[in-house]
K.L.:
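First the structure, then my questions, so here it is.
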Amino acid sequence: MQGSQPFKAFKRNGSQIRISVIGTGYVGLVTGVVFAHLGNQVICIDTNKEKIDMLRAGKIPIYEPGLEDLVLRNAEDGRLSFTTDLGRGIRESEIIFIAVGTPPGDDGEPDLSQVTGAAHQIAQHINGYKVVVNKSTVPIGTGNLVYQIINKNKRQNVNFDVVSNPEFLREGSAMHDTLYPDRIVIGASSHKVAMRLLELYALLERPMLITDITSAEIIKYASNAFLASKISFINSIATLCEKVGGDITQVAKGMGYDKRIGEQFLQAGLGFGGSCFGKDVKALVHTMSKLGCNCNMLNSTLDINQFQPNRFVDRVEDVLGGLDGCNIAVLGLAFKPNTDDMRDAKSIDVIGRLLSGGANVSAYDPIAAENCRSIYPQITYCPDLYQACKDTSAILIVTEWDEFRHLDFERLKALVARRIIFDGRNMLDAGRVSCMGFDYYGIGRNPVILEEEAPLLHAAEAA
Ligand code: UGA
């Protein structure tokens, strides 16, 4: 079983709402399961038969702590089912969530074909009043587009409403974020339809904002762009710290105590990855520049982020005196811990640079190695971190998995060719690493270098 967390049982009021969720990706599956957990009758729909068969068999296609447990419990209790029959799902539900993918096109404009496809299907099967809820991250104006498509193509003369209800969950803590969200945003064209959603979310007892559809759509993009900018901001200050000898972890702490700034999303490192921040900032830039708005700030956010892995590998190269022929361990491959998701992972950039410099890479990730193998089949994947570090001249921490916090330095000492750690996520205590006999290089921190850097060549490399 995947890592499970005990989620509280909600006191249900007996009224079951019939819901369908189109799309069983991260957002769709988690949303469906949580609504079932709240006592509703939920049908999760996907065109991918293999995925639906897996889910029916109790197998979860993504890694997300706590998800498997809730899927199994709610399916067993008969509140959650899975189908490829979109028509049935639409006909049998009162509220239909659209949670399909909106992958980025080359120019940053999201591909809306899955959303418009879902709208056409709804138009075909709608058989009574329904509330259609957009949960996918969609460009501003999509709520209106979905309304137009259904209205123009519906086969029966029935009423419906379209609502925007953006999702704010994070991979790796998706269940928690959905059950205990900071806020719930409901963009609706009338108070009456907003109340329907309010009723659905009432059991969570979280702050809710009822607004118009356009504002709700902007809230989603603006939130992700703001968080991404916070990360790029701290990473640009990290560059300054490296130049003048400051410590970015202290700077971020000192800034974060100010409630107006807040401590979260101020961790300097290799930058943001994943399927959301990069894609959403690019989409926002695309929309804003089309409308003639100034996008300098957002473009800088993207530039700084793209530059971080290069800065990191430049430093590795400087310290080692070149990469050619060096054995280098990469610890962590996923774009963040607690997920096997490799989309836009910084490990891709780091490994790419290492390979083009002529290094030999051995890598370890608790769960993302298989997904990385399809990107980099040529590197060595190891079953544990110690094997990955064997005979290496440098250890690079790229994803801050918890298990890297408790490195057995004595064991490592005996394995490595040179004792150097480059901490791309500032997750280790520099002083402790140094006490254990390793040189330490973080991001935006003073390196801690042992006075006598013994060559410590491992027998294999020395030979
Ligand atoms: C992000 C948002 O946090 C969610 O609110 C949003 O719902 C989601 O995108 C989405 O639009 O679907 P997610 O991408 O899953 O969630 O992960 P985050 O925890 O936000 O991390 C994103 C990236 O930023 C990771 O690569 C992480 O390592 C990096 N990061 C995060 C930093 O480099 N520094 C930080 O201080 C925080």
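When a ligand or atom number is given, it counts from 1 through the structure's own listing order.
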K.L.:
For atom 37 (C) of ligand 1, find the nearest protein heavy atom and state the residue, atom name and distance (0.1 Å precision).
P.N.:
F265 CD2, 3.4 Å
K.L.:
Identify, for atom 3 (O) of ligand 1, the protein heavy atom at the shortest distance, and state residue, atom and that distance.
P.N.:
R170 CG, 3.2 Å
K.L.:
Answer yes when K59 and E68 have at least one side-chain N-carboxylate O distance shorter than 4.0 Å, and no when they do not.
P.N.:
no
K.L.:
Kindly identify the option in Y26, F272, F168, F335 whose heavy atom sits closest to atom 5 (O) of ligand 1.
P.N.:
F168
K.L.:
Do any heavy atoms of G269 fall under 4.0 Å from ligand 1?
P.N.:
no
K.L.:
Would you say E263 has more than 12 foreign heavy atoms packed within less than 6.0 Å of its CD?
P.N.:
no
K.L.:
What protein heavy atom is closest to atom 17 (O) of ligand 1, reported as residue, atom name and distance in Å?
P.N.:
K336 NZ, 3.2 Å
K.L.:
Taking the six-membered ring for Trp and the full ring for Phe, Tyr or His, determine whether the centres of Y364 and Y381 are under 6.0 Å apart.
P.N.:
no
K.L.:
Classify the angle between the aromatic ring planes of Y441 and F422 as parallel (below 30°), tilted (30 to 60°) or perpendicular (above 60°).
P.N.:
parallel
K.L.:
Are E242 and R445 within salt-bridge range, i.e. N to O under 4.0 Å?
P.N.:
no
K.L.:
Which protein heavy atom lies closest to atom 32 (C) of ligand 1, and at what distance to 0.1 Å?
P.N.:
I231 CD1, 3.5 Å
K.L.:
Which ligand 1 atoms are under 4.0 Å away from a heavy-atom of E167?
P.N.:
7 (O)
K.L.:
Run the contact test for G274 against ligand 1 with a 4.0 Å cut-off on heavy atoms, strictly below, and give the result.
P.N.:
no
K.L.:
Considering only heavy atoms, does L266 approach ligand 1 within less than 4.0 Å through its side chain, its backbone, both, or neither?
P.N.:
backbone
K.L.:
Which ligand 1 atoms does N224 reach within 4.0 Å, using its non-hydrogen atoms?
P.N.:
2 (C), 6 (C), 9 (O), 10 (C), 11 (O)
K.L.:
If we set the cut-off at 4.0 Å for heavy atoms, which region of R425 has an atom near ligand 1: side chain, backbone, both, or neither?
P.N.:
side chain
K.L.:
Going through the checks in order, is the side-chain contact (heavy atoms from CB on, under 4.5 Å) test met by V33 and L67?
P.N.:
CA-CA 8 Å; V33 173; L67 178 61; 4.0 Å; yes
K.L.:
Quick one: look up the protein heavy atom nearest atom 6 (C) of ligand 1 and list residue, atom name and how far away it is.
P.N.:
L169 O, 3.2 Å
K.L.:
Side chain or backbone, does K220 bring an N or O within less than 3.5 Å of an N or O on ligand 1?
P.N.:
yes
K.L.:
Can you check ring pair (Phe, Tyr, Trp, His ring centres under 6.0 Å) on F97 and F35, steps first, answer last?
P.N.:
CA-CA 11 Å; F97 282 85; F35 284 138; 5.0 Å; yes
K.L.:
State whether D161 and K130 are salt-bridged, where the test is any N-O pair (Lys NZ or Arg NE/NH1/NH2 against Asp/Glu carboxylate O) under 4.0 Å.
P.N.:
no
K.L.:
Among protein heavy atoms, which sits nearest to atom 22 (C) of ligand 1, and what does the distance come to when rounded to 0.1 Å?
P.N.:
F277 CE1, 3.6 Å
K.L.:
My understanding is that we take every heavy atom of each candidate and find the minimum distance to atom 12 (O) of ligand 1. Doing that for C276, S223, G271, P181, which one comes out nearest?
P.N.:
C276
K.L.:
Under 3.5 Å, N or O to N or O, is Q267 touching ligand 1 that way?
P.N.:
yes
K.L.:
Any atom of ligand 1 sitting under 4.0 Å from a heavy atom of K230?
P.N.:
no
K.L.:
Closest non-hydrogen protein atom to atom 15 (O) of ligand 1, residue and atom name please, with distance?
P.N.:
E171 N, 2.7 Å
K.L.:
Without hydrogens or angle criteria, can the side chains of R432 and Y440 be said to hold a donor-acceptor pair below 3.5 Å?
P.N.:
no
K.L.:
Are R206 and Y201 in a cation-pi contact, defined as NZ or CZ under 6.0 Å from the six-membered ring centre and within 45° of the axis?
P.N.:
no
K.L.:
Going by atom types only, do S362 and T380 share a side-chain donor-acceptor pair under 3.5 Å?
P.N.:
no
